Structures are given as structure tokens and as C-alpha cells.
Amino acid sequence: MPKISSQIKVNKQKFQELKKTVKDVSSATKAIEAVVQKETTQVFDAILASAILLNASDIHIEPEEEKAKLRMRVDGVLHKIDWFNKKTYNSLLSRIKLVSGMKLNVTKIAQDGRFSFIIEEKEMEMRVSTLPSEYGETVVMRILNPENLIEIEQLGIREDMVDVFKKQISQPNGMIVVTGPTGSGKTTTLYAILKRIKRPEIKIITIEDPVEYRLEGISQSQVNPKRGYDFANGLRAIVRQDPDVILVGEIRDYETAHIALQAAMTGHLVLTTLHTNNAAGTITRLQALGEKPVNIAPALNLAIAQRLVRKVCKKCVEFDKPTDQEFNVLKKELSSLPKNIKVPKIDKNLRIPRAKGCKACNYTGYKGRLGIYEFFLVDDEMENFILKSPSIPEMTKKAEEKGMVPMRKDGLIKAALGLTTIDEVNRVTGE
């Protein structure tokens with residue numbers, strides 16, 4: 001990913017005007033339509049400002065045969081905002097490519113770029129990607145808002161696991177792996193850890209692709225495969241820099257996995273991510289990359305699997321008796337939880353939230369997101385078990401016997417507590 005190409009400022013007066021009117025998707029549409037016939041700069045500013053006011057994570061511009069569609073991802077779900085004619089689309093595309101440092105005359109290959117923008121004295125960064133399609137270049141802009149750097153307590157980790165989590169991140173060595181698909185909040189979790197543990201007496205170095213957030217007091221490094229600086233080469237160099245904590249953006253190959261595990265066993269705390277479906281799959285994934293259980297077991301401290309679910313909107317949420325099917329699901333799946341987990345009594349008095357919808361939540365019934373998790377903790381017994389190369393089901397069963405709560409059950413606990421809905425948990429984890 002290239003360096004930031006340019007910095008732009010969103011007109012302060014115009015932003016103040018938009019702040020009064022843009023409250024939901026429909027008002028954002030009206031605000032953008034009001035300037036669509038004006039200068040491209042004004043249209044672009046209106047799009048950026050509306051995305052920030054809607055707390056969107058991504059902006060999508062997708063050309064079709066006669067027009068182009070503008071969508072924004074809010075709380076993980078895409079919303080259609082507006083349509084542009086081809087003239088407006090082409091002007092916007094040129095503006096975006098220019099500020100992102102892309103080549104204007106290159107249209108047949110994908111390009112990546114980056115720029116920063118300032119709104120009300122707050123600087124944010126935008127990662128930009130273009131991709132050739134049938135009717136033009138599609139554009140996706142990811143907003144890297146520093147306000148998304150949150151504290152551990154805001155992640156949504158259950159009370160009974162917070163102390164375990166804090167204990168593990170304070171260890172002097174070992175590996176903590178966060179797993180999940182793209183967009184599941186892995187980077188947010190890793191940076192919440194960095195925010196908590198960083199202090200003047202420890203040295204923290206990261207290697208990422210790309211560096212998504214700037215965090216004062218740590219050294220951040222970005223891979224550049226074209227110049228031979230990949231995760232493995234970068235990690236090998238980082239270890240020689242005498243760090244206490246190393247963040248590896250993602251383990252993708254055997255060499256990176258091997259160096260990271262060796263670092264975890266030689267006095268470093270290593271934080272990293274993997275793409276697996278559950279926490280127990282961390283072991284199998286590392287083995288699939290070529291690493292041996294004898295190296296994995298002593299190095300791994302904790303594997304965390306996570307997803308993001310939408311929180312019910314506090315302004316319009318309604319609480320109702322669960323249906324017979326919902327009651328049976330909650331009764332069956334939450335009846336065997338460890339005693340230290342706080343969960344409402346599953347009886348005829350239980351009321352669970354229903355997503356209704358209002359202007360404040362774009363009529364979705366949801367506003368904001370929180371994580372649902374499963375924690376795979378490696379103690380001496382689990383370490384010996386890993387050495388036997390068990391299957392994922394065997395590993396999961398063993399972890400549950402030792403107190404691990406599966407991610408789906410964590411979601412159902414949060415539904416029973418009134419934070420999200422069973423429908424949302426089903427959408428994210430499957431029924």
C-alpha cells in the first residue's frame with residue numbers, strides 16, 4: 001500500500017450545515033443530491049462528510065451501464081445512498097484517483113492508494129482501491145477513523161473473561177492469536193491490546209499490511225513485497241531490534257509462522273491474526289502452514305475467535321417474550337454454562353429485544369456493533385493435548401470441558417442480556 005498521497009480539508013462551514021441535517025441514510029441522500037450538479041470537490045466533500053456523520057466504515061462507488069451507484073457500509077451492512085450519472089461518476093473517479101496518488105490513465109488494472117482528510121480539526125485516513133469492471137472502475141474507500149481505537153472494556157468481552165484477557169496480555173512472552181474473517185474486528189482487538197500495554201519502558205514494533213491506525217509510542221512498519229520486504233523478512237529484522245512486544249498483521253505462510261512462534265518462545269509477546277472459523281482451528285491452521293505441534297503448543301498462550309454483531313437501537317428497541325422456538329434454543333444452549341457466567345434466568349419471565357427501527361438507526365433496529373468471542377486458553381493440560389495433534393472437534397470439546405464458551409453461545413448470552421437479537425446472532429454465526 002502506497003504512502004499517503006495528499007491531505008484534503010473538508011469545508012468547515014459546509015460540514016456544520018451537513019451536521020444539522022444528516023441524521024440517517026435518507027437525509028444523507030438528500031444532502032448529496034443537493035450538490036451533485038455543483039463542482040466535483042463539493043460532491044466529494046459531501047460524500048466524505050456524510051460517511052463520517054453516518055459512522056460508515058466503507059464507501060462504495062459502483063458503475064453500471066448508464067449510471068453509477070453510491071453505497072455506504074454502516075454497522076457492517078451496505079446501504080444505497082444515491083445514483084450518479086456517468087459524467088459525475090467520471091469526475092469523482094478522477095478526483096479520487098488524483099488525491100489517492102493513483103495513475104489517472106490506468107483503467108485496466110487494479111490500483112491501491114491512500115489519502116488523509118481533515119474534518120473539524122480531526123485527521124482521518126482513507127484506504128482506496130479501484131478495480132476494473134464491465135462498465136468502468138469500481139471504487140471502495142475504507143475510512144480509518146482514529147476514534148475506532150477503543151479500550152478493552154469497550155470490545156464487548158464478557159465480565160468473566162476480561163480478567164483472563166488482561167492477565168494474558170500482560171505476559172512477558174508467548175503468542176496471542178485473534179482469528180476471524182475480514183471485517184470481524186481483529187485489528188480493533190489487537191490495537192485495544194496495544195493501547196493497554198504500551199508504556200515507556202517496553203518496546204513495541206508492528207509489521208502490517210497496511211498500517212491501518214497510527215498509535216503514538218510504538219514503531220510501525222509496513223510490508224512492501226515489491227521491494228522484498230514481506231512479513232517473514234520484516235519479522236526477521238524486527239526480532240533483531242530487541243522488541244518486547246511484536247504485532248504481526250497476519251500469519252500467511254510457514255516462514256512467518258515459524259519465526260513468530262520462535263519469537264514467542266524466546267522472550268517476546270507476539271500478537272497476530274489468522275483466518276480460521278473458530279479458536280480451536282488456530283492449531284490446525286498453523287499445522288497446515290507446515291508448523292509442528294511441538295513448536296505450537298509451548299508458544300501459544302491464547303487464541304480468540306470473534307465476529308461482530310449489531311447492537312439493538314436503544315431508542316426504538318422493544319422487549320418481548322421469546323417464541324417457543326427461541327425459548328427452547330436459549331434453554332438448550334445456555335443451560336450448561338459455567339456457574340461464573342452471568343446470564344438471566346431462562347424462564348417465563350424472560351424478555352428479549354426485538355429490532356423495530358426508527359430514524360436514529362436508519363430504520364434497521366440496530367445501531368453500533370459489539371464483539372462476540374470464544375477464548376481458547378492454553379494451559380499445561382491443553383499444551384500436552386495439542387502435542388497429540390487432535391482434530392478440531394476433539395480440541396473444541398476439550399476446551400469446552402475446561403470452560404470455553406463457544407462464540408454462538410456468547411452471542412445468545414448477549415441476546416438474553418438485551419444487547420442484540422437472536423436473529424442477529426443467527427445471521428452472524430448460523431443457526
Side-chain angles (χ1 to χ4, degrees), residues 144-222 231 234-235 238-239 241 243-251 256-257 260-261 263-276 278-279 282 286 299-308 369-379 404 407 410:
L144 304 177
N145 190 338
E147 291 185 358
N148 291 337
L149 292 174
I150 59 178
E151 301 293 339
I152 286 172
E153 290 77 11
Q154 297 172 281
L155 292 173
I157 299 173
R158 293 192 322 274
E159 285 184 26
D160 59 286
M161 286 307 303
V162 169
D163 289 340
V164 174
F165 187 55
K166 288 180 178 177
K167 180 180 178 181
Q168 291 303 314
I169 67 175
S170 65
Q171 296 299 314
N173 56 271
M175 180 182 285
I176 296 175
V177 181
V178 183
T179 77
T182 301
S184 60
K186 300 187 296 296
T187 301
T188 300
T189 298
L190 289 178
Y191 269 85
I193 295 173
L194 292 184
K195 280 190 72 176
R196 178 56 56 92
I197 65 177
K198 76 180 184 78
R199 54 186 189 272
E201 59 267 29
I202 68 171
K203 182 169 184 174
I204 302 173
I205 305 180
T206 78
I207 179 164
E208 305 169 68
D209 182 22
V211 174
E212 293 200 13
Y213 299 105
R214 312 290 173 178
L215 191 58
E216 188 178 348
I218 68 175
S219 301
Q220 295 172 275
S221 175
Q222 183 165 303
F231 277 114
L235 185 53
I238 285 172
V239 171
Q241 290 282 307
D244 298 292
V245 179
I246 304 169
L247 186 152
V248 184
E250 183 185 345
I251 291 179
T256 306
L261 288 168
M265 288 190 288
T266 55
H268 306 87
L269 179 64
V270 179
L271 312 174
T272 190
T273 72
L274 276 174
H275 286 290
T276 68
N278 53 36
T282 300
L286 289 171
L300 185 64
N301 290 357
L302 177 67
I304 305 167
Q306 69 175 73
R307 301 289 189 278
L308 294 175
R369 290 190 290 177
L370 79 159
I372 57 174
Y373 303 89
E374 62 184 36
F375 282 66
F376 183 91
L377 188 63
V378 180
D379 58 12
M404 183 184 83
M407 190 162 40
D410 187 42

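Note that the structure is a prediction, hence the values are computed from the model and not measured. The first residue of the sequence shown is numbered 1, and numbering continues consecutively from there.
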Spacing of CG belonging to Leu247 relative to CG belonging to Leu190, to within rounding of 0.5 Å = 5.0 Å
Applied to residues 192-207, the side-chain hydrogen bond (donor to acceptor under 3.5 Å, both in side chains) test, sequence neighbours excluded, yields Glu151-Lys195, Glu153-Arg196, Arg199-Glu201, Thr206-Glu208
side-chain contact (heavy atoms from CB on, under 4.5 Å) against Ala279, all qualifying residues, sequence neighbours excluded = Ala303, Ala305, Glu374, Phe376
Hits for salt bridge (Lys or Arg N to Asp or Glu O under 4.0 Å) against Asp163, two or more places apart or cross-chain, chain-then-number order -> none
Derivation of the side-chain contact (heavy atoms from CB on, under 4.5 Å) call for Ile205 and Ile246 = CA-CA 5 Å; Ile205 305 180; Ile246 304 169; 5.5 Å; no
With Ala192, which residues qualify under side-chain contact (heavy atoms from CB on, under 4.5 Å), at least two apart?
-> Ile152, Leu155
Roughly how far, to the nearest 0.5 Å, is OG1 of Thr273 from CD1 of Ile304?
-> 12.0 Å
Identify, with sequence neighbours excluded, every residue that meets side-chain contact (heavy atoms from CB on, under 4.5 Å) alongside Ala260.
-> Met175, Leu235, Ile251, Val270
Who pairs with Asn145 by side-chain contact (heavy atoms from CB on, under 4.5 Å), at least two apart in sequence or on another chain?
-> Met124, Ile143, Glu147, Asn148
Closest non-hydrogen contact found for Asn301 with Gly174 is ND2-CA, 3.5 Å
State which residues pass side chain to side chain donor-acceptor pair (under 3.5 Å) with Thr189; sequence neighbours excluded, sorted by chain then number.
-> Gln306
With sequence neighbours excluded, what pairs up with Arg369 under the salt bridge (Lys or Arg N to Asp or Glu O under 4.0 Å) test?
-> none
Compare all side-chain heavy atoms of Val245 with those of Ile218 and state whether any distance is below 4.5 angstrom.
-> no
For Ala299 and Leu261, work out which heavy atoms get closest and say how close.
-> CB-CD2, 3.6 Å
Atom pair CZ/CG of Arg307 and Asn278 - distance to nearest 0.5 Å = 8.0 Å
Just how far is it from atom CD1 of Ile176 to atom OG1 of Thr272, taken to the nearest 0.5 Å?
-> 11.0 Å
Between CG on residue Leu215 and CG on residue Leu149, distance to nearest 0.5 Å | 6.5 Å
Tell me, please, which residues at least two apart from Asp160 pass salt bridge (Lys or Arg N to Asp or Glu O under 4.0 Å).
-> Arg158
Name all residues meeting the side chain to side chain donor-acceptor pair (under 3.5 Å) criterion together with Thr282; count only those two or more places apart in sequence or in a different chain, and write none if there are none.
-> none
In Å and rounded to the nearest 0.5 Å, what is the CD1 to CD1 distance from Ile197 to Ile202?
-> 5.0 Å
Does some side-chain heavy atom of Thr188 sit less than 4.5 Å from a side-chain heavy atom of Leu308?
-> no
Under 3.5 Å donor-acceptor, His275 side chain and Gly180 backbone | yes
Qualifying ring-ring contact (aromatic ring centres under 6.0 Å, His included) pairs, either residue in residues 146-203, two or more places apart | Phe165-Phe375, Tyr191-Tyr213
Can you tell me which residue pairs pass the side-chain hydrogen bond (donor to acceptor under 3.5 Å, both in side chains) test with a partner in residues 168-187, sequence neighbours excluded?
-> Thr179-Thr276
